[in-house]
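Following: one structure in structure tokens, then a few remarks.
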Amino acid sequence: MTRILAVCGVLLWSSMLVAQDIHYTQFFNSPLTLNPALTGFTRGGYRVGAAYRNQWFGAGNTSFLHSTYSTPSVFFDMPIEVNNDAVGIGGLFISDQAGGKALSSFTGCGSFSYIKALGKRNRHQLALGVQLGYTNKRLNASNLTFSTQFIGATFEPSLSNGESFSSFSVHLFNLNSGVLWLGKFNQRVSMYAGGSVFNVVQPQENFLQHSKSPWFLRWNIHTGVDVTLGRLIHVLPSVMYMMQTSANELLPGLSVAYDVTPVATVSLGSMVRVNDFFSRAAQADAVALYGSFDYKGFKLGVSYDFTVSSFRKVKPGLGALEITAIYIGKKKNNKSIIFCPMF
């Protein structure tokens, strides 16, 4: 238990210092947290979705409803046709709880994109997107423990934590941007590739006196392919690479989808998360299993991250459960957008 508290405390405090952003294993089912250029990239007249990530609910004395880390989010977006092109508009709301609600944040973003049709038959699109966001971060110091509050191995909450807090709530404004290309080569092969950068203005937070912690730039590169085999099977490889300061991760994955009926599809797949991919310290951190069901525009996805690094020896249950849901409202005539890269 002592080791769990120590590890959680270190991770929580380091996340405060470098302001590492939230992200989902099912990045392909959370378009507006992946790339602002994906705003409005849908085959329907509108799209609504939600994602929920619950991490480390088996650590210490935590439970599923009071896990160490939980991140729910909701979004809405839609395309507005402009001749053969489209303007995408949307909104994104994220709540993030860390350290058993010791550190919590709420983020609201307005998301916008312009989607340009390319080629004689509009079989390719190029999109540029931006997000304007507001974040409120709150620190509950009563839920934290500090080394100065221990006498030997005994915790004494009445002792001073020894820290000089200037504020327990900070308000920040931010800007994110991205670009995306999407194309359909023929009836069997489609592909997308994009990149995004978050925290463009690099806002600074200051919970401690005389100390400001910047939100460092987060770079994101992602791509996916849809290959149709026969009439009913789709092979869906995808990969995401993300980097923030000295931290980076690679998340390759492969799913296979089967069209049960013309309006119902079942998908199964797996992903591997590798940290510090371009260094000698590269190691697999987690393996995720993923499944989804799509019926008449409604898609439900479930995944679980199994920790495979040496960190799993600290305590069983240090995995992450993710649930995503997306509904695409249908539109009779929508020729501008070929397909949605929501694999």
Side-chain angles (χ1 to χ4, degrees), residues 1 3-16 19-34 48-75 92-108 135-140 143-144 218 240 242 247 249 251 253 255 267-273 275 284-293 298-309 311-327 342:
M1 181 60 185
R3 296 175 67 186
I4 287 292
L5 289 174
V7 171
C8 291
V10 170
L11 290 178
L12 170 62
W13 200 248
S14 64
S15 68
M16 290 171 57
Q20 185 177 10
D21 291 2
I22 63 99
H23 56 281
Y24 293 105
T25 296
Q26 297 180 51
F27 62 90
F28 40 81
N29 285 338
S30 183
L32 269 61
T33 61
L34 176 66
V48 293
Y52 177 73
R53 181 178 178 88
N54 194 314
Q55 189 170 347
W56 292 13
F57 51 84
N61 294 323
T62 60
S63 64
F64 183 79
L65 297 178
H66 300 87
S67 61
T68 306
Y69 298 93
S70 63
T71 310
S73 66
V74 295
F75 76 91
L92 169 67
F93 302 93
I94 305 171
S95 175
D96 189 37
Q97 307 288 335
K101 297 185 179 181
L103 178 66
S104 60
S105 68
F106 169 81
T107 297
T135 296
N136 172 231
K137 299 187 73 173
R138 298 174 302 280
L139 180 65
N140 186 352
N143 285 357
L144 294 174
R218 173 166 64 92
M240 178 186 70
M242 184 165 55
E249 69 176 34
L251 187 62
S255 297
S267 301
L268 294 174
S270 64
M271 291 153 278
V272 179
R273 184 169 65 242
N275 294 329
D285 173 63
V287 173
L289 297 182
Y290 164 74
S292 70
F293 178 70
F298 175 78
K299 183 178 184 180
L300 177 66
V302 179
S303 64
Y304 187 82
D305 295 9
F306 295 89
T307 301
V308 297
S309 67
F311 194 55
R312 72 184 186 277
K313 300 178 182 178
V314 175
K315 178 72 177 180
L318 297 183
L321 174 68
E322 250 181 49
I323 302 173
T324 59
I326 295 178
Y327 178 73
M342 187 188 66

Rounded to the nearest 0.5 Å, what separates atom [atom1] in [X] from atom [atom2] in [Y]?
X: Ser292; Y: Ile326; atom1: OG; atom2: CD1; value: 10.0 Å
X: Asp96; Y: Tyr69; atom1: CG; atom2: OH; value: 9.5 Å
X: Lys137; Y: Ser104; atom1: NZ; atom2: OG; value: 9.5 Å
X: Leu251; Y: Gln26; atom1: CG; atom2: CD; value: 10.5 Å
X: Asn29; Y: Tyr24; atom1: CG; atom2: OH; value: 11.5 Å
X: His23; Y: Met240; atom1: NE2; atom2: CE; value: 6.0 Å

Closest approach of [X] to [Y] (non-hydrogen atoms, all atoms of both residues):
X: Leu92; Y: Leu32; value: CD2-O, 3.7 Å
X: Leu268; Y: Gly291; value: CD2-CA, 4.1 Å
X: Ser270; Y: Leu289; value: CB-CD2, 4.0 Å

Check the angle between the aromatic planes of Tyr290 and Phe28 and answer parallel, tilted or perpendicular using the 30° and 60° thresholds.
perpendicular

List in chain and number order the residues that pass side-chain contact (heavy atoms from CB on, under 4.5 Å) with Asp305, two or more places apart in sequence or in another chain; answer none if no residue qualifies.
Thr25, Arg53, Arg273, Ala286, Ala288, Ala320

Verify whether one side chain among Asn54 and Ser70 offers a donor that lies under 3.5 Å from an acceptor in the other.
no

Go through the steps to decide whether Leu300 and Ile323 satisfy the test side chain to side chain contact (heavy atoms under 4.5 Å, CB included), and finish with yes or no.
CA-CA 7 Å; Leu300 177 66; Ile323 302 173; 4.1 Å; yes

Quick one: does [X]'s side chain get under 4.5 Å of [Y]'s, heavy atoms only?
X: Val302; Y: Leu321; result: yes
X: Thr33; Y: Phe75; result: no
X: Phe93; Y: Phe106; result: yes

